[in-house]
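Since the structure comes first, as structure tokens, the remarks are kept for the end.
The analysis underlying the following values was restricted to heavy atoms, covering all of them including side chains, and did not include hydrogens, waters or symmetry mates. Treat the numbers as computed from the prediction; the structure is a model and nothing was measured.
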Amino acid sequence: MKFIGLEKLRRRLERIPAEVRKRAKAELMLQGREINMLQRSLVPKDDLTLAGTIRSEPLPDPEIGVVIRAGGDATTKPVRDSDYAVPEYDYALAQEFGREGMPANPFFLPAIRVRKKKARARVRAAVRRALKTAGK
């Protein structure tokens with residue numbers, strides 16, 4: 001897959017001062033954790049394992065960003081009496097989207113939708129503050 005303008009974007013990212021980059025990453029992680037806290041409050045209370053798998057992970061350098069995840073090995077279970085080609089499923093997905101005989105209990109996407117705008121504004125403000133102090 002080819003991305004138009006990717007090299008230009010990489011050059012622009014490399015010109016960001018280290019202090020601004022550090023502040024942006026820290027603020028993104030903080031906002032990711034706030035979203036995680038809301039997601040944990042929305043998870044069905046009978047399953048603390050799922051709540052424990054909700055996390056924010058930073059992107060590798062030189063990229064600036066955060067990946068918010070839930071589920072994984074702790075919530076992946078074998079399928080009983082399956083005619084499906086997949087022998088396992090992640091019940092984090094079953095909670096979020098539902099499955100046959102079980103309604104959806106969304107916890108992941110609603111929290112992101114609620115907090116995304118506020119998180120972006122806070123990250124932008126933190127970057128602006130860092131740019132002002134880096135320029136002095």
[atom1]/[X] to [atom2]/[Y] distance, rounded to the nearest 0.5 angstrom?
| X | Y | atom1 | atom2 | result |
| --- | --- | --- | --- | --- |
| Ile35 | Ile68 | CD1 | CD1 | 4.0 Å |
| Gln95 | Thr75 | CD | OG1 | 10.0 Å |
| Leu50 | Phe108 | CG | CZ | 10.5 Å |
| Leu42 | Glu96 | CG | CD | 9.5 Å |
| Leu48 | Thr53 | CG | OG1 | 11.0 Å |
| Leu109 | Phe97 | CG | CZ | 5.0 Å |

Task: Test side chain to side chain contact (heavy atoms under 4.5 Å, CB included) applied to Thr76 - qualifying residues, sequence neighbours left out - done: Glu88, Asp90

Open item on the list: Under the rule for side chain to side chain contact (heavy atoms under 4.5 Å, CB included), what residues qualify as partners of Pro58, not counting sequence neighbours?
Closed with: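 Testing Pro58 for side chain to side chain contact (heavy atoms under 4.5 Å, CB included), a comparison that skips the adjacent residues, returns Met29.
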
Open item on the list: Clusters formed by hydrophobic residues whose side-chain heavy atoms approach within less than 4.5 Å: which one holds Val67, and what are its other members?
Closed with: Leu59

Task: ILVMFWY cluster membership beyond Leu30 - transitive side-chain contacts under 4.5 angstrom - done: none

I need the minimum non-hydrogen distance between [X] and [Y], along with the two atoms involved.
| X | Y | answer |
| --- | --- | --- |
| Pro110 | Pro106 | CG-CB, 3.7 Å |
| Ala70 | Phe107 | CB-CE1, 4.0 Å |
| Asn105 | Pro44 | CB-CG, 4.0 Å |

Please enumerate all residues that pass side-chain hydrogen bond (donor to acceptor under 3.5 Å, both in side chains) together with [X], with sequence neighbours excluded.
| X | result |
| --- | --- |
| Arg40 | none |
| Glu57 | Arg55, Arg69 |
| Glu27 | Arg23, Gln31 |

- [ ] For Arg33, check salt bridge (charged side-chain N to carboxylate O under 4.0 Å, His left out) against everything at least two apart and list the hits.
- [x]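 Not a single residue meets the salt bridge (charged side-chain N to carboxylate O under 4.0 Å, His left out) criterion with Arg33.
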
Open item on the list: When you measure from the side chain of Asn36 to the backbone of Ser56, do you find a donor-acceptor pair of N or O atoms at a distance under 3.5 Å?
Closed with: yes

Open item on the list: Side-chain heavy atoms nearer than 4.5 Å, only ILVMFWY residues, links allowed to pass through others: does that put Met102 and Tyr89 together?
Closed with: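 Met102 does not cluster with Tyr89.
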
Open item on the list: Can you confirm whether Thr49 sits close enough to Tyr91 that some side-chain heavy atom of one is under 4.5 Å from a side-chain heavy atom of the other?
Closed with: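 Answer yes - side chains close enough.
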
Task: Heavy atoms of other groups near Lys45 NZ, more than 12 under 6.0 Å - done: yes

Mind listing the side-chain donor-acceptor pairs of residues 116-129 below 3.5 Å, one per line with the distance, residues two or more places apart or on another chain?
unit_1 : atom_1 : unit_2 : atom_2 : d
Arg122 : NH1    : Glu34  : OE1    : 3.2
Arg122 : NH1    : Glu34  : OE2    : 3.4

